[in-house]
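Here the structure comes first, spelled out in structure tokens, and everything after it is commentary.
Here the structure is a predicted model, which means the values were calculated and not measured.
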Amino acid sequence: SGPPPNRGTIELTGNGTLSFDEFSVATGDAFYNGSGGWLVIGASPGLLTSTLAGNIQVTGARNYNFSGVNNYEFSSSLPQSTGNAFPATITGTLKVNNSHPSGLTISSPVTIATGGVLQLERGLVKTNSFFSLTMNRNSTLTGGSAISYIDGPLKKIGEQNFTFPVGKSGRYSPVVINANGGGTGSDVYTVEYFPANPQSVYGNILSQFIDHISTVEYWLINGTASPRQVRFKITPYSGVTDFSSLVVGYF
């Protein structure tokens, strides 16, 4: 004897859309296969491999990236995580539409593949050095604003001009890195914004002609050696009182 075999399959394909709100669930003796289409996740835990939590709680295997081009939307009024079963590579669209102040937390490294899209409509996306978010060469990012940005590091691969929609603690402070026709397809840049005093991290030894540096914000930018043009957004939080003498300093 033993448990009965799974008796069915929930299969999302093609142009189909399967939408869950915060508390709706799919249960029963079945498998779940994502074979294309658009999956809207409303539950807080995101996509899980097992356990009776999240929107999809079928007892069989849950494969959220079985075949085809799969698209995912996190749409909720609850704080959300991507979950331990969220695909590592997104070939379709990852859309963030979360109204909770904590937004969406990346639970494991995620890469937006070449041709894929990251769509920031509403809500923060929280990343860190272990659970990273990477935009591959020739992937696309849309959106980015004071209500929807990356809270943590964001990595971009490739030579395309790119705006890093980063921020933290309610401050949106994007960085634009332009190749100006140079660079290579293997270039890698990672950007994170910090609304904090850089002097407490890097000290206050100043180069000639620099009178003082900021005490309220800085950006951490790591990348390859290809020459790039870098542009920063100066906001009221920046505390700049004399733009004519403002320069960019680096450690």
Side-chain angles (χ1 to χ4, degrees), residues 1-100 102-120 123-136 139 150-155:
S1 63
N6 295 91
R7 295 190 172 92
T9 300
I10 301 172
E11 188 133 9
L12 178 60
T13 62
N15 295 320
T17 299
L18 180 56
S19 181
F20 294 93
D21 64 17
E22 287 86 342
F23 305 106
S24 57
V25 295
T27 62
D29 243 353
F31 296 100
Y32 176 86
N33 288 328
S35 301
W38 197 283
L39 176 62
V40 181
I41 305 111
S44 187
L47 301 181
L48 304 176
T49 55
S50 59
T51 72
L52 297 180
N55 293 127
I56 298 177
Q57 301 181 14
V58 294
T59 55
R62 307 169 191 175
N63 191 327
Y64 300 102
N65 190 25
F66 189 71
S67 65
V69 176
N70 291 277
N71 304 285
Y72 308 88
E73 178 177 353
F74 286 87
S75 178
S76 184
S77 59
L78 302 174
Q80 289 185 289
S81 299
T82 51
N84 64 7
F86 191 70
T89 301
I90 306 301
T91 56
T93 295
L94 169 57
K95 180 178 178 180
V96 180
N97 184 17
N98 183 294
S99 61
H100 193 275
S102 295
L104 173 68
T105 298
I106 301 295
S107 305
S108 56
V110 174
T111 296
I112 308 299
T114 296
V117 177
L118 174 61
Q119 183 177 347
L120 300 179
L124 311 183
V125 180
K126 294 187 176 181
T127 66
N128 59 48
S129 56
F130 298 102
F131 300 145
S132 58
L133 179 59
T134 300
M135 303 290 297
N136 250 350
S139 59
I150 307 299
D151 182 345
L154 175 63
K155 181 185 293 185

Taking [Y]'s backbone N and O only, do any of them form a donor-acceptor pair with [X]'s side chain (distance below 3.5 Å, no angle check)?
X      : Y     : result
Thr111 : Thr89 : no
Thr93  : Asn71 : no
Asn55  : Val25 : no
Glu22  : Ser44 : no
Ser19  : Val40 : no
Asn97  : Phe74 : no

Minimum-distance pair of heavy atoms, taken over all atoms of [X] and [Y]:
X      : Y      : answer
Val110 : Pro87  : CG2-O, 4.2 Å
Ser35  : Glu11  : OG-OE2, 2.8 Å
Asn33  : Thr9   : ND2-CG2, 3.7 Å
Pro79  : His100 : CD-CD2, 3.4 Å
Phe31  : Val58  : C-CG2, 4.1 Å
Leu48  : Gly54  : CD1-N, 4.4 Å

From [atom1] ([X]) to [atom2] ([Y]), nearest 0.5 Å:
X      : Y      : atom1 : atom2 : answer
Leu118 : Lys95  : CG    : NZ    : 12.0 Å
Leu104 : Leu94  : CG    : CG    : 7.0 Å
Thr49  : Tyr64  : OG1   : OH    : 8.0 Å
Thr134 : Ile90  : OG1   : CD1   : 12.0 Å
Leu133 : Leu154 : CG    : CG    : 5.5 Å
Lys126 : Ser81  : NZ    : OG    : 10.0 Å

Q) Would you say the side chains of Ser24 and Asp21 form a donor-acceptor pair under 3.5 Å? A)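 A pair is found: one side chain offers a donor N or O, the other an acceptor, under 3.5 Å apart.
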
Q.
Hydrogens and angles aside, do Ser76 and Asn98 bring a side-chain donor and acceptor to less than 3.5 Å of each other?
A.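 No, no side-chain donor-acceptor pair sits under 3.5 Å.
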
(Q) Take a 6.0 Å sphere around NZ of Lys155 and say whether it holds more than 12 heavy atoms from other residues, nucleotides or ligands. (A) no

Q. side-chain contact (heavy atoms from CB on, under 4.5 Å) with Tyr32: which of Leu47, Asn63, Leu12?
A. Leu12

**Q.** Aromatic ring pairing Phe86/Tyr72, orientation class (parallel under 30°, perpendicular over 60°, tilted between)
**A.**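 If you compare the ring of Phe86 with that of Tyr72, the planes turn out perpendicular.
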
Q | Set of side chain to side chain donor-acceptor pair (under 3.5 Å) partners for Gln119, sequence neighbours left out | A | none

Q: Test Ile56 against Phe20 for side-chain contact (heavy atoms from CB on, under 4.5 Å), laying out the working first.
A: CA-CA 9 Å; Ile56 298 177; Phe20 294 93; 4.1 Å; yes

